[in-house]
Structure formats: structure tokens, C-alpha cells
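For reference, the structure discussed in these notes is given below.
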Amino acid sequence: MFENLTLLQLQQYWWIIISLLGGLFAFIMFVQGGQTLLGRLSKGDETLKTMLINSLGRKWELGFTTLVLFGGALFAAFPLFYSTSFGGAYWVWMAILFCFIIQAVSYEFRKKANNFLGQKVYELFLFINGSVGVILLGIAIATFFSGSSFSVDTNNFSHWHGSYRGLEAASSIFNLSLGFALFFLVRISGALYFINNIDNETIKERAIRSIKIDMLIFLFFFLIFLYLLLSKSGFAYDNNGLVYYQEYKYLYNFVEMPIVLGMFLIGLLMVIIAVFMTIHFNKTCCIKTAGVGIVLTVMALFLNVGLNGTSYYPSTFDIQSSLTIQNSSGSHYTLTTMSYVSLIVPFVLAYITYAWYQMDKVKITKDEMEDSHTHKY
Amino acid sequence: MEAHLVDWSRAQFALTAIYHWLFVPLTLGLGFIIAFMETIYVKTGDEFWKKTTKFWMGLFAINFAIGVATGLIMEFEFGTNWANYSWFVGDIFGAPLAIEGLLAFFMESTFFAVMFFGWDKVSKKFHLISTWLVAIGSNLSALWILVANGWMQYPTGVKFNPDTVRNEMYNFWDVILSPVAVTKFLHTISSGYIMASLFVVGVSAWFLLKKREIKFAKKSMIVGATFGLITSIFILLTGDESAHQVALKQPVKLAAMEGLYEGKVKAGITGIGILNPKKNLTNDEDSYLFEINAPYALSFLAFHDIDSFVPGLKDLVYGNDKYGIESVKSKMLKGKIAIDALKEYKEAKKSGDMVSQLTNRSILEKNMKYFGYGHLKKPEDVVPPVAITFYSFHTMVALGTWFFLLFVLILFFSIKREISKYKLLLISSIASIPLGYIASEAGWIVAEVGRQPWAIQDLMPVGIAVTDISSTSVQATFFLFAVLFTLLLVAEIKIMLKQISLGFEGGH
């Protein structure tokens with residue numbers, strides 16, 4: 001089946017998978033968003049905080065797993081990106097990793113007796129992961145559009161130019177706008193998740209209030225990002241692989257790929273509808289609508305930057321070193337093999353959904369948190 | 001690349017790997033022990049086994065979280081610290097990593113939540129299945145990462161593509177079913193099972209010494225020791241096959257493991273020995289200051305033939321015509337020819353010279369298996385640190401033998417006698433927990449230090465594999481992670497000790 005596809009078709013298939021993973025990762029980052037809301041929604045009430053943390057704690061591994069899979073899939077499908085970006089933007093990725101390590105232990109260690117660093121430190125870790133980690137990820141993803149200062153030599157070994165090793169990306173308004181937009185988006189999804197997952201009126205009221213504010217700030221940053229993106233020149237390449245600047249490249253990509261544009265607009269609309277229904281109609285199930293919306297929107301952004309003859313990781317140092325899905329991918333054989341493995345994805349999504357459904361049938365309550373026989377964070 | 005950078009990058013990866021491996025073995029084995037216990041609970045309906053399962057599960061969770069955290073770093077360190085390597089092998093290495101994420105890691109993390117929070121939310125059977133799936137998932141995760149590691153020790157199923165300047169996979173099954181990968185997986189997971197068994201036996205012994213939770217401790221001890229004994233026998237077999245594979249695929253590593261400088265027919269194995277620090281490749285000093293040797297054993301271990309010749313480091317570095325062993329110098333020449341041919345090929349391609357392209361491609365293919373040797377500065381570079389490899393190997397084997405005896409003794413005294421009366425045995429069981437960690441880490445040191453200087457055996461030395469970055473950056477992150485991992489390790493140990501002391505009915 002996959003053997004009969006051309007290398008380009010396989011590369012496109014894998015870029016779609018990467019885009020889907022990127023979208024799923026952005027959705028699952030409601031855990032990170034929720035982590036930044038702990039203080040605001042609990043306001044010092046320890047029981048409420050425990051409910052919030054236990055609600056998130058049952059999902060944190062999924063975010064970790066998606067990040068690992070996202071990295072593994074990029075490594076397998078587009079190894080030149082993996083070696084160029086991770087080795088080049090060293091400090092940005094190291095900082096992101098640091099933010100994720102401290103999250104992994106925080107849920108389990110926070111409340112345990114004799115936990116050495118103290119409860120507050122682990123809660124601070126959760127906040128750092130949810131804020132700095134997410135903003136840095138947004139900045140790193142924005143470089144897919146804005147580029148980085150690297151070159152690739154004849155052995156396909158990459159070299160970074162600039163002593164800040166990726167940290168310079170944090171000085172760009174374009175990159176920062178996506179970083180902050182992502183930060184406020186995951187806070188919205190975090191609040192929607194709490195409303196859905198916890199049976200408590202106080203948390204619900206505070207979450208709705210938080211969504212109202214975060215939605216306005218999200219829209220502010222996202223519209224800045226969108227304006228800068230659609231009005232900027234992009235990195236196109238021709239049939240010979242020659243990369244050149246093209247005005248309004250990303251705008252044209254949306255116009256020339258109407259399905260991607262449709263995904264983007266429907267996705268955005270779904271997020272807005274989810275927020276509207278929650279605020280005005282007191283709905284509790286809108287994390288699902290918002291979740292699908294986030295996946296579609298982020299996926300559309302990835303598809304925009306990777307398809308239609310666009311360099312998805314441009315070099316601002318040497319434009320011809322820019323990475324495209326064609327010059328940075330794995331071989332036909334590897335992509336074919338991996339494509340067969342990808343057929344398992346629906347099965348994996350199905351059992352995750354089933355387990356999630358089974359676990360969330362009963363919402364988290366105060367009583368559950370006060371039961372000494374249940375495992376708690 | 002500057003030597004300083006290579007050393008710091010190696011140190012950083014070693015640091016992460018050592019810390020990661022402090023947590024993984026327990027996860028691999030304890031997952032199954034918990035699943036056995038819960039199965040007994042579901043079969044019998046006895047609440048005692050539910051509480052027992054929950055106690056060990058609590059310790060499992062504390063350990064699991066930090067294992068996941070350090071594992072994440074390892075995946076991305078391939079890119080951050082070994083960027084050139086990432087490109088050179090990404091076509092092969094990325095596939096197992098991605099499959100690990102999809103097939104194993106999701107299974108682990110999804111059912112982990114059900115296992116801990118689903119006790120009263122899902123049916124007994126679904127909960128039990130979840131517990132088994134967490135255990136299976138963590139072991140599947142090990143499978144794929146060990147396939148990748150096995151490939152680095154013995155690259156197979158790939159072909160070098162001069163157009164992309166990397167190795168490309170042509171046979172997926174060759175990669176995952178390579179004898180090195182299969183043996184490595186089986187040997188490594190069984191070491192994890194032993195580690196977990198030691199943990200269960202040791203913690204139970206502590207309760208018996210304290211005269212607390214007697215029934216719980218005795219029952220847990222029998223489960224742990226039974227699992228440990230079965231896997232100790234299994235690890236003996238996989239260890240034998242592992243050494244055989246090393247003899248065939250990485251003879252320099254085997255020679256270093258035994259401190260063998262001159263090759264021997266009917267070679268003996270060193271049971272106990274102290275290496276002579278003055279010994280090197282060029283002098284005639286004795287290899288050992290002290291040695292107890294088991295005759296013929298090394299020849300048998302290496303090639304399953306007591307009369308076979310086991311090459312020493314000198315034979316492998318300088319060559320031995322009698323046994324058809326090529327010198328490293330000769331391999332270096334061929335490696336340089338391969339590197340030059342690649343360069344010529346690329347230039348010919350640029351200028352459109354088809355004849356030169358074909359000629360150089362043919363030269364490259366002929367010499368490709370020596371490609372990595374072309375980057376070495378001198379033949380002696382292929383010798384890994386002998387003392388570290390030797391002592392790690394012998395520590396691992398000696399402790400493995402002790403663990404086998406311990407499990408036999410525990411089972412004997414648990415079944416035939418009143419084990420709580422044998423204080424020395426109980427103290428030994430507790431002391432064996434750290435020994436288990438030492439043995440497990442020693443095994444990895446043999447595997448990884450023993451293959452230096454190769455990032456990929458014979459194809460890519462670490463000096464070429466490393467990211468082009470300042471050593472100061474790597475130093476900074478080394479210390480950053482060293483401090484963080486140490487803090488988290490201290491936290492884990494303190495929490496573990498506290499949770500254990502809270503006992504059977506302790507906090508969840």
C-alpha cells in the first residue's frame with residue numbers, strides 16, 4: 001500500500017501526521033494551562049487546590065507522551081530538522097526540557113510526606129512548566145515561520161550562527177506573540193477542562209471568570225501573530241529545491257489550500273463557540289468542542305508552513321540551507337515502514353478515549369479528595 | 001571537534017543515562033510483581049492482596065514519575081548534544097523511538113491513570129487489565145529503546161547513501177531482530193526484574209526485622225524471591241548469549257571486559273582479579289597483579305568452544321595474521337579511502353562527471369564498513385578504558401551470582417523455616433537493594449564504556465557525532481541537570497523511605 005506512494009507523497013503524509021501530533025499536543029497542554037490557574041481558582045483553599053491538581057494529575061502523562069512521540073516522529077520522519085533544531089537552538093530546547101522534568105515529579109511528590117523540597121516548591125514547578133514551558137514552546141514553534149540562523153554543510157551537518165543558541169528567538173515580537181497566544185489558549189482550555197471534570201460550583205464560577213479575561217488577551221496576541229504572519233514574506237521553494245522569498249507566502253498558502261484554510265477557520269470558530277457556550281449557557285462539556293478546535297487550528301498552521309512548496313524551517317543565515325519536507329526527510333523505505341506503524345494511531349486514540357471516558361464518568365468531588373483510601377496527588 | 005566538548009557531551013549523556021537507569025529497572029520489574037499480586041486478588045477476592053498491591057503500587061508511582069522525567073531528556077539529548085549523529089542515523093534510530101512513543105509509552109501513560117485512580121471507578125477486570133498493560137507497556141518501551149541501542153552496537157539492515165550522507169534502512173526486520181538487539185533486550189529487562197525482586201525482598205526483610213506487617217512481608221517476600229529466582233536463571237542464559245554476541249560483534253569490548261591484552265587459545269576467565277595499572281598495549285608487563293582464573297571458560301563463553309582462540313587487545317589493534325585479524329592501521333587506511341571517495345563523489349556529482357561518480361561510489365561501498373576508522377587519529381584510539389570495563393563486568397557477574405544465591409536462600413527459609421529468625425539473611429536482603437543498583441549500572445557501563453570510542457560501532461566515533469557547540473554550554477547544562485537530578489533523587493529516596501515506614505496501611 002504505502003510502498004506505491006512516491007517519496008513526496010510519503011513526506012506529505014508524514015507532515016500531516018506531524019501536524020496532527022502538534023495539534024494534539026497543543027490540546028493536551030490544557031494540563032499546563034490548568035497548572036497556571038491553580039492559585040487563581042483555589043485562592044488558598046487547600047481542598048479546592050487538591051481537587052484541581054488531582055483533576056490535572058490524571059492526565060499529565062498524556063502530554064508528556066505526546067511530546068515524546070512528537071519528538072520521535074520528527075526524528076524518524078524529518079531527521080535533518082531534529083539534528084538542526086535541537087542541536088542548534090540548544091538553550092531553548094534545554095530550557096523547555098528543564099520545564100518538563102520538573103513537572104513530571106511534581107504531581108507525585110508534592111503532597112507526599114518527607115518530600116524534601118516542600119509542597120510550595122512543587123507547586124512552583126507546576127507553574128513554571130505551565131507558563132515558561134508553554135511560552136518557550138510557542139516561541140520555538142514560531143521559528144517555523146520566522147526562521148533561525150543556521151547553515152547546513154555538504155555532509156548535512158548543521159551549524160548555528162549566533163551565540164545565544166536559540167534564545168535570540170525570544171526577542172522577536174512575532175515569536176513572542178505566538179508564545180503568549182499559546183499560553184493564554186492553554187489557560188482557556190485548562191479552565192474548560194476543570195469545568196468539565198470537577199463537580200464544584202466555586203471552581204466553575206472562578207473558571208468562567210478566568211476564561212473571560214484570558215480569551216480577550218488570547219485574541220489580542222493571536223491577532224497580532226496572525227496579522228504579522230499573513231502580511232510577511234515566506235520561504236518558498238521551486239521544483240529544483242531552490243529557496244526564495246515570496247511576499248504574503250503564508251496568506252497565499254491558505255488561499256491555495258482551501259481545505260487548510262477551512263480547518264483553520266472552523267477550528268478558531270469552535271474555540272470561540274466553546275467559550276461562548278460556557279460563559280453564556282453554563283455548559284460544562286465545551287472542552288471537547290474547544291479541543292477539536294485547537295487540534296484543527298494548530299494542525300492548519302503546521303500544514304500551512306510545511307506544504308505548498310514552503311520551507312518549514314527557514315534559515316535566515318543561508319536561505320538555501322532552509323529545511324523543507326523534501327530535503328530533510330527520512331528515506332522512502334523508512335517513511336513507508338513508519339507509515340504502516342501509523343495505522344495504529346486510530347487504535348491508540350480509541351483506547352485513550354475509552355480509558356478517559358471510563359475514568360471521567362464520575363466527576364471529581366470533595367468527598368473523593370477526603371477519602372483516605374484513594375490515591376491522591 | 002575539540003576534545004573538551006566531546007568529553008563534556010559524553011559526561012552529560014552518561015549522567016542522564018545513569019540517573020535514568022536508577023529508576024527504570026524498578027519500573028520494569030515492579031510493574032509485573034504488582035500485576036501478579038493484583039491477579040491473586042482478583043482470583044481470590046482476598047482484600048489482603050488488594051492492600052498489598054496498593055502498597056507496592058504506591059512505591060511504583062513515586063519511582064515511575066522520575067523515570068519518565070529523565071527519559072524525556074535522553075530522547076532529546078540525541079538531538080541537542082549529538083546532532084551529527086542524529087542526522088547520520090536518524091533514518092534508522094528515529095523509527096524505534098517513534099514506535100516506542102506510539103506503541104508503548106501511550107499504553108503506559110493511559111493505563112497508569114486507570115491503575116492508580118480507577119480502583120472504584122472501573123470494573124475489577126478492567127483495572128487488572130490496566131495494571132498488566134502498564135507493566136507490558138513499560139517493557140515494550142524498553143524493547144524499542146534497546147533495539148535502537150542494539151543497532152548502535154551492531155549496525156545492521158542499513159546502507160550508506162552518499163547523496164544524503166547518512167545510513168538508510170533497507171530492512172526493518174534486520175534492525176529489530178538483530179541478535180545483539182534481541183539479546184540486549186532480554187538481558188536488560190531481566191536485570192530489571194531482578195532489581196525489582198531485590199527491592200521487594202529487601203523492603204519485606206526490613207518489616208520482618210522491625211516485626212511489623214509480618215503476614216504482608218512474608219507473602220511479598222515469597223512473590224519477590226520467586227520472581228527473582230526465575231529471572232536469575234534467565235539472566236544467566238541471556239548473559240551467556242550476550243557475551244557470545246560481544247565476542248562476535250565487538251571483540252575489543254570483550255578483550256577489555258577481561259583485561260586480555262594477548263590473545264589465547266583455551267583462554268580462561270578471571271573470577272577475581274586486580275589489573276596491573278602499568279600494563280598497556282606496548283609493554284610486556286603482566287596484565288594482573290592478582291588473579292584467580294577459571295581455565296577454558298573464556299573460550300567457551302566467547303565462542304562456545306573450549307579450544308577457540310580469543311583475541312586480545314594487541315591482536316585486535318595491531319593485527320594477527322595467523323588468525324586473520326586485520327590491524328586497525330589497515331582499517332584506518334581503508335576508512336580514509338572511503339572518506340576521500342565520498343568527497344570525490346560529491347565533487348563529481350556537482351560537476352556532472354558520471355564516470356568519476358560511479359568509480360568513487362564503488363570505492364566507497366567497498367570500504368564503507370571501515371568508514372569510522374578514517375576519523376581516528378591513531379590505532380590505539382579503538383581501545384576503551386580497560387579498567388572501568390573490566391571492573392564493571394566483574395562486579396556485575398559477582399553480584400549476579402550473589403543475587404541468585406540470595407533468592408534460593410530466601411525461598412528455602414521462607415518455605416522450610418521461620419525466616420524472621422534469620423537476621424543475617426534479612427540484613428543481607430536489605431543490603432542487596434543498593435547492590436542491585438550497582439550491578440545494574442555496572443552492566444550499562446560495560447555496554448557503553450566498552451564500546452568507546454564508537455557512537456556507532458565502526459561507523460562513527462563520538463568525536464564526529466557531537467553537536468557543534470561550545471563546551472561551556474554543555475558544561476552549564478551538565479551541572480544544571482546534575483543538580484536537578486540529584487535533588488530529585490534525594491527527594492525520591494526520602495519519600496520512598498517515609499512511605500515504606502508508614503507501612504501496609506500507610507498514606508496513599
Side-chain angles (χ1 to χ4, degrees), chain A residues 58-59 61-62 64-65 67-69 71-73 75-77 79-80 82-84 86-87 90-91 93-94 97-98 100-101 104-105 107-109 112-117 154-160 165 330-331 333-334 337-338 341 344-345 348 351-352 355 358-359 361-362 373-376, chain B residues 61-62 65-66 68-69 72-73 75-76 79-80 83-84 86-87 90-91 93-95 97-103 105-106 109-114 116-119 121-122 126 161 164-166 168-170 172 346 467-469 473 477 480 484 487-488 490-491 494-495 498-499 502 507-508:
Chain A
R58 297 169 194 197
K59 303 286 185 296
E61 295 100 335
L62 287 177
F64 234 87
T65 307
L67 179 61
V68 169
L69 183 57
F75 195 179
L80 192 54
Y82 193 87
S83 62
T84 303
F86 289 99
Y90 186 83
W91 278 108
W93 287 114
M94 280 294 184
L97 291 176
F98 191 88
F100 274 83
I101 297 172
V105 294
Y107 286 103
E108 198 60 56
F109 286 11
K112 290 279 187 303
N114 219 8
N115 70 11
F116 180 56
L117 296 174
T154 55
N155 289 321
N156 275 326
F157 290 169
S158 53
H159 306 277
W160 206 259
R165 302 293 300 203
S331 64
Y333 182 88
T334 293
T337 309
M338 294 290 303
V341 176
I344 301 165
V345 170
V348 173
Y351 76 64
I352 290 173
Q358 287 291 326
M359 292 294 295
K361 273 192 300 192
V362 182
H373 293 292
T374 57
H375 186 93
K376 282 189 296 292
Chain B
I62 296 160
I66 190 164
V68 171
L72 177 81
I73 292 289
E75 181 190 355
F76 287 96
T80 53
N84 295 346
S86 297
W87 168 250
D91 198 61
F93 202 90
L97 278 183
I99 298 172
E100 183 210 7
L102 188 62
L103 281 182
F105 214 15
F106 269 112
S109 61
T110 303
F111 293 102
F112 180 88
V114 180
F116 281 94
F117 302 102
W119 280 107
K121 296 191 173 192
V122 299
F126 183 47
N161 182 344
T164 53
V165 199
R166 68 175 176 196
E168 292 180 358
M169 186 157 58
Y170 70 81
F172 182 63
K346 282 192 284 188
T467 299
D468 176 17
I469 190 172
S473 293
T477 48
L480 192 70
L484 180 64
L487 283 176
L488 297 182
V490 172
K494 287 176 83 80
I495 293 170
K498 186 67 187 174
Q499 288 300 114
L502 287 173
H508 292 284

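Fair warning: this is a prediction, and the values are worked out from it, not measured in the lab.
For chain A, the nearby parts of I495(B) are the backbone and the side chain; heavy atoms of each come within less than 4.5 Å. For chain A, no part of W119(B) is nearby; none of its heavy atoms comes within less than 4.5 Å. Using a 4.5 Å cut-off between heavy atoms, V348(A) contacts chain B through its side chain alone, with no backbone atom that close.
Between I73(B) atom CD1 and W93(A) atom CH2 the span is 12.5 Å, to the nearest 0.5 Å. Taking CZ of F116(B) as the reference point, atom CD of E108(A) lies at 6.5 Å (rounded to 0.5 Å).
At a cut-off of 3.5 Å, with distance as the only test, a side-chain donor of K346(B) or N155(A) sits close to an acceptor on the other residue. Donor-acceptor pairing under 3.5 Å is recorded for the side chains of Y90(A) and T477(B).
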Verify ring pair (Phe, Tyr, Trp, His ring centres under 6.0 Å) between F105(B) and F64(A), making sure each step is shown before the conclusion.
CA-CA 9 Å; F105(B) 214 15; F64(A) 234 87; 7.4 Å; no
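Judged by distance alone, with hydrogens and angles left aside, the side-chain atoms of Y333(A) form a donor-acceptor pair with the main-chain N or O of F172(B) at under 3.5 Å. Within the 3.5 Å criterion, the main-chain N or O of T110(B) finds no donor-acceptor partner in the side chain of E61(A). With hydrogens and angles ignored, the 3.5 Å screen pairs no side-chain donor or acceptor of N114(A) with any backbone N or O of K498(B).
Side-chain contact between F106(B) and L62(A): present, with at least one pair of heavy atoms (C-beta onward) separated by less than 4.5 Å.
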